[in-house]
Number of protein chains: 2
Amino acid sequence: MTRTDRVAATRETILSAAERLFAEHGVAAVSNRQISQEAGQGNNTAVSYHFGSKDALVRAIVRRHTEQIEETRLRMVLRADGSAEVRDWVACMVEPFARHLADLGAPTWFGRFSAQVMTDPAYREIMSREALNSPSLLRAGEELRRRLPDLPPDVRLERQDMVGRLMVHTIAERERALAEGAPVSRESWDRAASGLTDALTGLWLAPVTAPSART
Amino acid sequence: MTRTDRVAATRETILSAAERLFAEHGVAAVSNRQISQEAGQGNNTAVSYHFGSKDALVRAIVRRHTEQIEETRLRMVLRADGSAEVRDWVACMVEPFARHLADLGAPTWFGRFSAQVMTDPAYREIMSREALNSPSLLRAGEELRRRLPDLPPDVRLERQDMVGRLMVHTIAERERALAEGAPVSRESWDRAASGLTDALTGLWLAPVTAPSART
DNA sequence: ACTTTTAAGTCAGTCGCATGACTTATCTTA
DNA sequence: TAAGATAAGTCATGCGACTGACTTAAAAGT
């Protein structure tokens, strides 16, 4: 094992340990010290040495996963090209995420980690920059917009936000359930993705009502 | 001002300060000291003196709001009695929350606070026990179930979870937007509630698809 | 080929600081 | 004046940032 390999392995160990701890306890609640210890590093400087800051560490974790998800999603978007079905484009958003978690095998933490990062005021920006601004998601969003020409722009933006939020939090919840004894299989993730896609499609297609007068 | 009043006022000050700090930075990221200082208490024991622990403080904040929301929602549930419209029962879930925030006047923090508490692994239980188990919500959920007899039970539970989650996080996001300069008015909250109700109604009514085979 | 130099990674320990829990003192009002 | 509320200060603990020594792989010089 060369020196470079060892370093890379240490980095990976830290990333995995941090991902798990963040998912379990929240980003703010975990110290760099804890992460270093959990990663089997005797010192307490490992995180700042390898990543510089907690911020950069979070970014690195996000990137490690989103790169693979992005790859899958790009392929899926290309395959869906031309489809007039709203559901197909919603599936482009949901399925690559779920499939990635299925591919990782149990136990996974990235779902819960994502939800934590997305909610934490100090880190939410990271998530939107690194994950939600990906080319494939923007493309799917654009296609979706064309399939829903009657949706007022402000409502569309609202719902886009809802969809992103709901996707992450629902997947996190599903992951939590799977971690607590539910059978973890590719099928269970497929079912979760399918149910989520159904729900989000319904959300997109919901008729727009004028706010009713108060009584 | 009687002694009891002064004490009650101090309690309220602490509750408000804590609510704001928790909403801005997350529960784990805020110390009891910060809260005491922010509440204008010279000592650093104010929180533990008045509430015993951070846990109990969070609980108190939740209760302070949910009591009022519950009252509104109970009235609304009674008024909706007999309605066959799914949207009416969804509105029973959403509107009392939004209306409560509108009633509080700007700036509000409880929306973001709720999202924080709901996501934090150390406090999420509090939220479900204190807020999601309320009689009015259970009642509305039951009515909803009757209006959707064809929905498989597991899908119904899934969606119930999604709806609760999406409601809180969307309202938190709306509150954030309003705090950042958007005009804060009763109308803006009405519109937010209406849009959210539309979306959630669509979610409930979405057709259930069988998971497609993988390619 | 062999040695020297350089730089990267690891480790143990220190620093000032903020934390929650605790104790003591002062003040207020019933 | 007795009890409850607030203030002030102490304490051990854990934090992030920093330091210097040690190990080892790679690069440079001969």
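None of these values were measured; they are calculated from a predicted model. So you know, we letter chains A, B, ... as the sequences are listed, proteins then strands, and number each from 1. These values consider heavy atoms only, across backbone and side chains, with no hydrogens, waters or symmetry-generated copies.
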Phosphate OP1/OP2 of [N] contacted by [X] side-chain N/O (<4.0 Å):
X: B/His50; N: D/dT6; result: yes
X: A/Tyr49; N: C/dT10; result: no
X: B/Thr10; N: D/dT6; result: yes

One thing to verify: whether [Y] and [X] come together as a salt bridge, which I'm taking to mean a side-chain N less than 4.0 angstrom from a carboxylate O.
X: A/Arg99; Y: A/Asp190; value: no
X: B/Arg20; Y: B/Glu38; value: yes
X: B/Glu70; Y: B/Arg63; value: no
X: A/Arg156; Y: A/Asp161; value: no
X: B/Arg112; Y: B/Glu173; value: no
X: A/Arg176; Y: A/Glu180; value: no

Query raised in the report: For residues 19-34 of chain A, which residues have at least one heavy atom under 4.0 Å from DNA chain C?
Result: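 When residues 19-34 of chain A is checked for heavy atoms under 4.0 Å from DNA chain C, there are no hits whatsoever.
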Query raised in the report: Sequence neighbours excluded, which residues qualify as ring pair (Phe, Tyr, Trp, His ring centres under 6.0 Å) partners of A/His100?
Result: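 Result, ring pair (Phe, Tyr, Trp, His ring centres under 6.0 Å) vs A/His100: A/His65.
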Nearest-Å distance, [atom1] ([X]) to [atom2] ([N])?
X: B/Asn44; N: D/dT10; atom1: CG; atom2: P; answer: 12 Å
X: B/Glu38; N: C/dA18; atom1: CD; atom2: C1'; answer: 16 Å
X: B/Phe51; N: D/dA5; atom1: CZ; atom2: P; answer: 12 Å
X: A/Gln37; N: D/dG16; atom1: CD; atom2: C1'; answer: 13 Å

Query raised in the report: Is the backbone of A/Cys92 close enough, under 3.5 Å, to the side chain of A/Arg73 for a donor and an acceptor to pair up by distance?
Result: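 Pair found, side chain donor or acceptor close to backbone of A/Cys92.
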Query raised in the report: Just by modelled atom types, is the A/Trp204 backbone N or O under 3.5 Å from a matching donor or acceptor in the A/Arg159 side chain?
Result: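 Flag set: sc A/Arg159 to bb A/Trp204 pair under 3.5 Å.
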Query - Contact residues, residues 53-61 of chain A to DNA chain D [heavy atom, < 4.0 Å] - result: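 Contacting residues: none.
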**Report entry** Donor-acceptor pair under 3.5 Å, A/Thr45 side chain vs D/dC18 base
**Finding:**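 Indeed there is one.
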